[in-house]
Amino acid sequence: MKQKPPAKAAAGVPAIVKTIETSWKQMGVARSLETLRAVNQKAGFDCPGCAWPEPEEGRAAIEFCENGAKAVADEATIRQAGPEFFARWSVKELESQEDRWLNGQGRLVHPMVLRDGASHYEPIEWEDAFALIASELRQLDSPDQAIFYTSGRTSNEAAFLYQLFVRMFGTNNLPDCSNLCHESSGEALRQSIGVGKGTVTLDDFALADAIFVIGQNPGTNHPRMLATLQAAARRGCEIVSINPLPEAGLMRFRHPQEITNLLGGGTPLTTLYLPVRINGDVALLKGIMKEMLEEEDRRPGTVLDKEFIEQYTHGFSAFAEDVRRCDWADIVQQSGIERPLIRKAAEVAMRSQRTICCWAMGLTQHRNAVANIQEIVNLLLLRGNIGRPGAGVCPVRGHSNVQGDRTMGIWERMPDSFLDRLGEEFGFEPPRQHGFDTVRSIQAMLSGEARVFMALGGNFLSASPDTERTAAALRQCRLTVHVSTKLNRSHVVTGRQALILPCLGRTERDVQATGLQFVTVENSMGVISRSQGVLRPASEYLRSEIAIIAGIAAATLGVDWTSYTACYGRIRDHIARVVPGFEDFNKRIEERGSFLLPNAARDRRFLTATGKANFLPHPIPRHDLQSGELLMMTIRSHDQFNTTIYTDNDRYRGVFGSRRVILMNEEDMRQLNLTAGEEVNLVSVFQGEERVAPRFRVLPYPIPRQCTATYFPEANVLVPLGSVAERSNTPASKSVVIRLRKSSGS
Ligand SMILES: Nc1nc2c(c(=O)[nH]1)N[C@H]1C(S)=C(S)[C@@H](COP(=O)(O)OP(=O)(O)OC[C@H]3O[C@@H](n4cnc5c(=O)[nH]c(N)nc54)[C@H](O)[C@@H]3O)O[C@H]1N2
Ligand SMILES: Nc1nc2c(c(=O)[nH]1)N[C@H]1C(S)=C(S)[C@@H](COP(=O)(O)OP(=O)(O)OC[C@H]3O[C@@H](n4cnc5c(=O)[nH]c(N)nc54)[C@H](O)[C@@H]3O)O[C@H]1N2
Ligand SMILES: [Mo]
């Protein structure tokens with residue numbers, strides 16, 4: 001293991017080198033060129049790397065980034081894990097392998113079954129696999145004993161068909177990765193502004209005077225966003241970064257496609273950096289707003305957009321009173337930011353006529369995550385920054401179609417209006433009782449309430465909190481089923497029986513009875529666009545997600561969905577009649593390739609309980625850490641996609657050769673008598689129960705006092721299942737209270 005100083009700029013030459021290196025290694029030269037040429041092009045496929053949008057006009061020939069290329073290469077790899085692989089390795093042996101090794105075995109190419117009591121997976125024919133699922137589902141006492149998870153790479157068409165099948169089967173148990181991700185954003189925004197999505201498009205970034213990037217690491221997780229920020233910075237737009245870590249991608253960007261920029265110093269991005277304490281955001285935002293209200297008192301009429309507040313919002317005076325009552329000492333202490341710096345941030349907000357706030361997991365995975373986001377909305381409402389060009393809220397989504405899956409009905413709590421239309425379109429009565437989200441699903445499997453688990457993509461075990469408990473939950477099931485492209489931990493920690501159903505990926509051509517098909521996806525800004533793979537499928541045995549769902553539905557419900565599999569346009573015809581905003585779906589997508597969904601809040605129509613945008617005050621959260629306790633956030637390295645680990649390096653943060661590290665403030669290390677590189681066990685205590693993650697190395701890092709960082713998913717064992725965000729029920733995986741125990745046991 002090696003530690004170097006953190007990088008000062010993102011992208012640049014190393015990003016190009018890594019792109020080429022990874023692609024060639026996984027795909028070879030010719031396949032790399034063929035594949036990468038089609039990424040994010042109008043006639044090509046949507047990059048599976050993240051949900052950041054592509055420009056509508058004037059796309060570059062290279063419309064992908066280093067990490068997008070890694071995600072593509074990981075799927076388009078020429079390695080394969082076929083029946084011989086599973087004959088060689090028992091499930092027990094596979095379980096003892098590392099995540100990286102499992103993923104490194106290549107594409108899954110044949111349906112496999114693990115029979116009750118067997119040691120190895122064995123090949124199975126598709127129809128037999130469907131029959132096994134149907135038989136297990138039909139044996140349940142109630143449809144609510146089955147759980148149907150979705151990860152966010154699934155296309156709109158597959159997602160729509162999947163939720164239709166699940167609801168026709170009779171349950172709303174449709175947990176998804178969103179429950180672990182931006183659920184808090186949706187929950188907060190619906191109450192505040194009446195829509196659970198962001199209100200800005202890429203065009204707004206070209207107009208903004210100020211952009212706040214809060215709890216997000218775009219250099220690693222949304223690298224194409226850096227080009228957008230760069231263009232804004234060059235216009236003189238101010239960029240405020242609020243993050244416990246000085247992430248390289250927030251500081252400086254060397255554009256890989258601009259030769260002078262690439263070889264020169266790059267473009268500074270952040271104009272003001274606020275090293276907030278973990279979960280100090282409510283305190284900080286309140287401080288900023290307190291400054292603004294005090295300035296308005298001093299110079300009335302200069303800060304607040306009184307007309308907007310009057311006409312479009314509700315709850316201003318109670319909110320203002322709450323902010324005025326806050327104590328400055330408390331704000332400074334809890335946020336970890338001194339008052340002059342808070343004043344500077346307030347000045348940016350007051351100077352700007354158009355402000356955008358972006359955020360991601362740094363805000364959504366805390367106990368008070370919903371409050372975090374509603375305070376952002378409060379800040380924007382003060383100056384009328386919602387529903388105006390160049391301004392608005394921008395939750396930056398993770399998985400490339402996680403937002404679309406929700407639009408298509410993948411949610412355990414879809415509103416009645418959706419269920420009404422769905423039932424009418426297909427002539428059945430959808431179940432109305434809310435289903436299990438991810439955390440509730442784990443609890444239901446543990447208690448025996450649920451007995452069949454199916455996942456359309458993803459890696460449920462490693463993505464979920466409390467790894468050991470989640471493993472026990474899956475083991476309780478009669479059957480676990482995974483529709484997947486690559487091998488992962490959820491395939492080797494199974495129910496009594498297990499199925500692996502290998503599917504086509506984004507990069508591959510999907511040919512059905514009526515010919516070559518395309519699918520659609522929705523990006524983080526509500527733009528629907530088409531996606532069509534270019535590569536020959538990894539194996540002739542692969543089926544599309546749609547074909548797999550249709551097969552399961554036929555075996556279970558006796559429905560004949562071959563026409564949907566033959567022509568995805570027929571699914572889109574149904575979507576057009578069920579989902580608002582998709583009228584003339586096929587026509588619009590075929591003529592234009594993409595279109596923007598309507599968004600009422602963007603038009604200043606606030607579909608909330610009050611009919612207005614709501615100011616919603618929240619208390620400053622308190623972490624009364626005892627001596628020796630630390631707050632831990634679990635974050636992504638530069639070389640992983642969620643639970644898929646590419647290498648053990650984290651280039652921008654200067655960490656090489658190991659992921660079992662804990663980043664710590666040097667003062668805290670001194671106080672706890674720790675030296676750099678020393679090995680410790682991490683211990684979290686929650687409601688009297690102890691969880692341990694053994695053998696992490698301590699690394700000094702620029703991070704606020706009492707704050708620490710580890711990597712997801714290695715540290716998930718420490719995230720208690722019961723420690724969740726209020727209302728959204730998202731695991732609080734960015735604020736885990738831990739202690740360090742020296743490995744020697746002292
Ligand atoms: N290459 C790559 N791209 C990805 C992914 C990937 O794994 N790899 N994952 C995709 C997915 S599903 C998602 S959801 C997104 C995730 O994108 P991010 O949200 O950027 O991912 P994280 O690594 O979880 O980073 C959280 C950031 O928030 C900061 N942070 C943590 N706690 C706090 C806090 O309390 N306050 C503030 N202000 N900041 C805090 C951390 O320092 C870190 O910079 O990326 C997507 N894109
Ligand atoms: N502690 C902690 N836990 C976290 C987070 C965190 O920040 N900290 N982040 C959370 C977040 S934001 C998210 S989104 C979740 C991610 O949770 P998931 O979405 O469940 O996990 P992924 O790692 O993205 O899933 C990877 C697997 O998806 C499969 N796959 C890839 N492409 C396809 C495809 O096209 N079709 C199908 N059917 N399968 C495919 C492959 O088999 C691969 O192994 O993790 C969450 N967990
Ligand atoms: Mo995510």
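Counting convention: from 1, in listed order, for ligands and their atoms alike. When a residue number appears, it is its place in the shown sequence, counting from 1.
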message: Does any part of the side chain of His182, heavy atoms only, come nearer than 4.5 Å to the side chain of Val402, both counted from C-beta?
response: no
task: If you have a sec, work out which protein heavy atom is nearest atom 34 (C) of ligand 1 and how many Å separate them, to one decimal?
output: Gly362 O, 3.1 Å
- prompt: To the nearest 0.5 Å, what is the distance between CD (Gln216) and SG (Cys394)?
  reply: 7.5 Å
field: Per-atom contacts, ligand 2 versus Gly457 - under 4.0 Å to a heavy atom
entry: 37 (C), 38 (N), 39 (N)
- prompt: What do we get for Asp281 next to ligand 1 when only non-hydrogen atoms under 4.0 Å count, side chain, backbone, both or neither?
  reply: side chain
statement: Restricting to heavy atoms, the pick from His222, His366, Met361 nearest atom 15 (C) of ligand 1 would be His222
- prompt: Would Asp74 and Lys486 pass as an ion pair if we require N to O under 4.0 Å?
  reply: yes
query: Is NZ or CZ of Arg153 both nearer than 6.0 Å to the six-membered ring centre of Phe641 and within 45° of the ring axis?
result: yes
query: N/O of Ala463 under 3.5 Å from N/O of ligand 2, yes or no?
result: yes
Nearest protein heavy atom with distance in Å, relative to atom 8 (N) of ligand 2: Thr634 OG1, 3.0 Å
- prompt: Which residue and non-hydrogen atom of the protein lie closest to atom 36 (N) of ligand 2, and at what distance in Å?
  reply: Glu545 OE2, 2.7 Å
- prompt: Can you check side-chain contact (heavy atoms from CB on, under 4.5 Å) on Asn665 and Gln706, steps first, answer last?
  reply: CA-CA 7 Å; Asn665 181 292; Gln706 292 188 307; over 6 Å; no
message: Looking only at protein heavy atoms, which one is nearest to atom 45 (O) of ligand 1, and what is the separation?
response: Asn221 CB, 3.3 Å
- prompt: Against heavy atoms of Gly398, which atoms of ligand 1 measure under 4.0 Å?
  reply: 10 (C), 11 (C), 12 (S), 13 (C), 14 (S), 15 (C), 46 (C)
message: Both conditions, 6.0 Å and 45 degrees, for the charged tip of Arg659 above the ring of Tyr711: are they met here?
response: yes
- request: For Val282 and Pro619, work out which heavy atoms get closest and say how close.
  value: CG1-O, 3.7 Å
- request: List the closest protein heavy-atom neighbour of atom 21 (O) of ligand 2: residue, atom name, distance to the nearest 0.1 Å.
  value: Asn459 N, 3.5 Å
- request: Verify side-chain hydrogen bond (donor to acceptor under 3.5 Å, both in side chains) between Asn156 and Asn401, making sure each step is shown before the conclusion.
  value: CA-CA 8 Å; Asn156 289 331; Asn401 197 40; 3.1 Å; yes
- prompt: Nearest 0.5 Å, what's the NE2-SG distance between His222 and Cys65?
  reply: 10.0 Å
query: Should the pair Arg653-Asp650 be classified as a salt bridge under the 4.0 Å nitrogen-to-oxygen rule?
result: yes
message: Under 4.0 Å from a heavy atom of Leu245: which atoms of ligand 1 are those, numbered in the order shown and with their elements?
response: 42 (O)
message: Tell me the protein heavy atom at minimum distance from atom 43 (C) of ligand 1, and give that distance in Å.
response: Glu247 OE2, 3.4 Å
message: Quick check for you: to the nearest 0.5 Å, what is the distance between Ile342 atom CD1 and Ser335 atom OG?
response: 4.5 Å
field: Main-chain N/O of Asn716 paired with Ser733 side-chain donor or acceptor, under 3.5 Å
entry: no
message: Among all protein heavy atoms in this structure, tell me which lies nearest to atom 16 (C) of ligand 2, with the distance rounded to 0.1 Å.
response: Asn642 ND2, 3.6 Å
- prompt: Starting from atom 42 (O) of ligand 1, which protein heavy atom do you reach first, and at what distance in Å?
  reply: Asn243 OD1, 2.7 Å
- request: Measure the distance from atom 1 (N) of ligand 2 to every protein heavy atom, then report the residue, atom name and distance (to 0.1 Å) of the closest one.
  value: Asn716 OD1, 2.8 Å
Atoms of ligand 1 close to Met633 [distance to a heavy atom under 4.0 angstrom, numbered from 1]: 30 (N), 31 (C), 32 (N), 41 (C), 42 (O)
task: Say whether Gly458, considering both its backbone and side-chain N or O atoms, lies within less than 3.5 Å of an N or O atom on ligand 2.
output: yes
query: Does the gap between the ring centers of Tyr646 and His638 come in under 6.0 Å?
result: no
message: I'd like to know if Arg153 contacts ligand 2, where contact means a heavy-atom distance under 4.0 Å to any ligand atom.
response: yes
task: Write out the residue and atom name of the closest protein heavy atom to atom 41 (C) of ligand 2, then the distance separating them to 0.1 Å.
output: Thr485 OG1, 3.4 Å
- request: Report, in ascending order of atom number, the atoms of ligand 1 lying under 4.0 Å from any heavy atom of Asn279.
  value: 34 (C), 35 (O)
- prompt: CG of Leu245 to OH of Tyr652: how many Å apart, nearest 0.5 Å?
  reply: 15.0 Å
query: Is the distance between the ring centroids of Tyr568 and Phe518 under 6.0 Å?
result: no
field: Non-hydrogen atom of His482 closer than 4.0 Å to ligand 2
entry: no
- prompt: Out of Asn179, Asn488, Asp176, whose heavy atom sits nearest atom 44 (O) of ligand 2?
  reply: Asn488
field: Glu54 bridged to Arg224 by N-O distance under 4.0 Å
entry: yes
message: List ligand 2 atoms under 4.0 Å from Ser151, heavy atoms only on the residue side.
response: 18 (P), 19 (O)
- prompt: Taking heavy atoms and a distance under 4.0 Å, where does His182 meet ligand 2: side chain, backbone, both or neither?
  reply: neither
task: Under the side-chain contact (heavy atoms from CB on, under 4.5 Å) rule, what do Gln365 and Phe712 come out as? Steps first, then yes or no, please.
output: CA-CA 12 Å; Gln365 299 173 333; Phe712 141 64; over 6 Å; no
statement: Under 4.0 Å between heavy atoms, the region of Val276 that gets near ligand 1 turns out to be side chain
- prompt: Side chain, backbone, both or neither: which part of Lys734 has a heavy atom under 4.0 Å from ligand 2?
  reply: side chain
- request: May I ask you to list the atoms of ligand 2 that are less than 4.0 angstrom from any heavy atom of Cys503?
  value: 36 (N), 37 (C), 38 (N)
query: Nearest protein heavy atom to atom 23 (O) of ligand 2, by residue and atom, and its distance?
result: Thr643 OG1, 2.6 Å
query: Any N/O of Glu75 closer than 3.5 Å to an N/O of ligand 2?
result: no
message: Counting only nitrogen or oxygen atoms and a 3.5 angstrom limit, does Val483 reach ligand 2?
response: yes
query: Is there at least one pair of N or O atoms, one from Lys486 and one from ligand 2, spaced under 3.5 Å apart?
result: yes
task: Starting from atom 9 (N) of ligand 2, locate the nearest protein heavy atom and write down its residue, its atom name and how far away it is, to 0.1 Å.
output: Arg636 NH2, 3.1 Å
